[in-house]
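These notes concern the structure reproduced below.
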Amino acid sequence: MPQTDKQICIPPELPELLKQFTKAAIRTQPQDLIQWAADYFGAMSRGEIPPVRERSERVALSNWAELTPELLKILHSRVAGRLIIHADELAQMWKVLSLPTDLFNSVMNVGRFTEEIEWLKFLALACSSLGVTIAKTLKIVCEVLSSDHDSGPPRIPFSTFQFLYTYIAEVDGEISASHVSRMLNYIEQEM
């Protein structure tokens, strides 16, 4: 084979890009590295946050299939403020985070979601799988949705809280509409 004198040019940003990708892969430890790499570079090309576990989210390998508020916060950041998300896209995000498929299917069934999913409703039901009571579920939802980083309690807009509380109570089916109304009036007055 004849050799050419032409040098191969390596783009100057390539080493740093590969270094960041490698660090992200080590932190995330995806089950399907090829699919995760495609999702990673796809997100990067669209200017979105890539599917990477943060340092604070590192957990033992045996616990990776457990849903946590931290993983829901990552999922929420990937939804990026959209009110509606397509079921296939959300399922893929769920899979990239190595979350249990049966839990995803359960949330889909309980919420009676089809192709287009109201994100906040899905999130509320996913949080309910972590909380024993509605109060605990709402606390988790507030933690996931809150962008407050101070030491105070997590805060979300009252209208969002009202929407989520009403929805969770409706799905629960054991809390009367009058009780929900009284509770929301009380909370609003205390603000």
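One-based numbering along the sequence shown.
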Legend entry - L83 reachable from L90 in the ILVMFWY side-chain graph, under 4.5 Å edges: no
Inset, instruction - Please work out which of the three classes, parallel, tilted or perpendicular, describes the rings of Y40 and F21, given edges at 30° and 60°. - result: perpendicular
Inset, instruction - Taking all non-hydrogen atoms of both residues into account, name the closest pair between G42 and S45 and its distance. - result: O-OG, 2.8 Å
Inset, instruction - Taking the side chain as every heavy atom from C-beta outward, state whether T101 and W94 have any pair of such atoms under 4.5 Å apart. - result: no
Inset, instruction - May I ask you to check whether over 12 heavy atoms, not counting those of L14, lie within 6.0 Å of atom CG? - result: yes
Inset, instruction - Without swapping roles, check the side chain of S181 against the backbone of A177 for a donor-acceptor pair under 3.5 Å. - result: no
Inset, instruction - Determine the minimum heavy-atom distance between C127 and T137, stating which atoms define it. - result: C-CG2, 3.9 Å
Inset, instruction - For I84, look at atom CD1 and say whether over 12 heavy atoms of other residues, nucleotides or ligands are found less than 6.0 Å away. - result: yes
Inset, instruction - Quick one: pull up CG in L103 and CG in L130 and give me the separation to the nearest 0.5 Å. - result: 8.0 Å
Legend entry - Flag for Q92-D88: side-chain donor and acceptor within less than 3.5 Å: no
Inset, instruction - Starting at OH of Y167, measure out to CG of D172 and round the result to the nearest 0.5 Å. - result: 12.0 Å
Inset, instruction - Quick one: which residue pairs count as a salt bridge (charged side-chain N to carboxylate O under 4.0 Å, His left out) with a foot in residues 182-191, not counting sequence neighbours? - result: none
Inset, instruction - Provide the closest heavy-atom pair for L164 versus A124 in the form atom of the first, atom of the second, distance. - result: CD2-CB, 3.9 Å
Inset, instruction - Please check if atom CE in M183 has more than 12 non-hydrogen atoms from other residues, nucleotides or ligands closer than 6.0 Å. - result: no
Inset, instruction - Can you measure from OG1 (T160) to CG (L145) and round to the nearest 0.5 angstrom? - result: 7.0 Å
Inset, instruction - Give a yes or no on whether E116 atom CD has more than 12 heavy-atom contacts from other residues, nucleotides or ligands under 6.0 Å away. - result: no
Legend entry - Test salt bridge (Lys or Arg N to Asp or Glu O under 4.0 Å) applied to K95 - qualifying residues, sequence neighbours left out: none
Legend entry - 4.5 Å side-chain heavy-atom contact, L75 and V144: no
Inset, instruction - Measure the CG-CG distance between N109 and L125 for me, rounded to the nearest 0.5 Å. - result: 11.0 Å
Inset, instruction - Please work out whether the ring planes of F113 and F122 are parallel, tilted or perpendicular, with thresholds of 30° and 60°. - result: tilted
Inset, instruction - Would you confirm whether S106, through its side chain, and D102, through its main-chain N or O, come within 3.5 Å as a donor-acceptor pair? - result: no
Inset, instruction - Tell me, with the steps shown, if F104 and L99 meet side chain to side chain contact (heavy atoms under 4.5 Å, CB included). - result: CA-CA 8 Å; F104 179 82; L99 294 171; over 6 Å; no
Inset, instruction - Could you tell me which residues satisfy ring pair (Phe, Tyr, Trp, His ring centres under 6.0 Å) with Y165, sequence neighbours excluded, listed by chain and number? - result: none
Legend entry - A126 versus L67, closest heavy-atom pair with distance: O-CD2, 3.6 Å
Legend entry - Greater than 12 external heavy atoms within 6.0 Å of R46's CZ: yes
Legend entry - Gap between atom CZ of R82 and atom CD1 of I117 - 0.5 Å precision: 11.0 Å
Legend entry - From NZ (K139) to OG (S146), nearest 0.5 Å: 11.0 Å
Inset, instruction - Could you please spell out the steps behind the side chain to side chain contact (heavy atoms under 4.5 Å, CB included) verdict for D39 and Q35? - result: CA-CA 6 Å; D39 294 337; Q35 180 61 54; 3.0 Å; yes
Legend entry - Joint hydrophobic cluster, L17 plus W36, side-chain heavy atoms closer than 4.5 Å: yes
Legend entry - Nearest heavy-atom neighbours spanning P50 and A43: CA-CB, 3.7 Å
Legend entry - Heavy-atom closest contact (L97 atom, L71 atom, distance): CD1-O, 3.9 Å
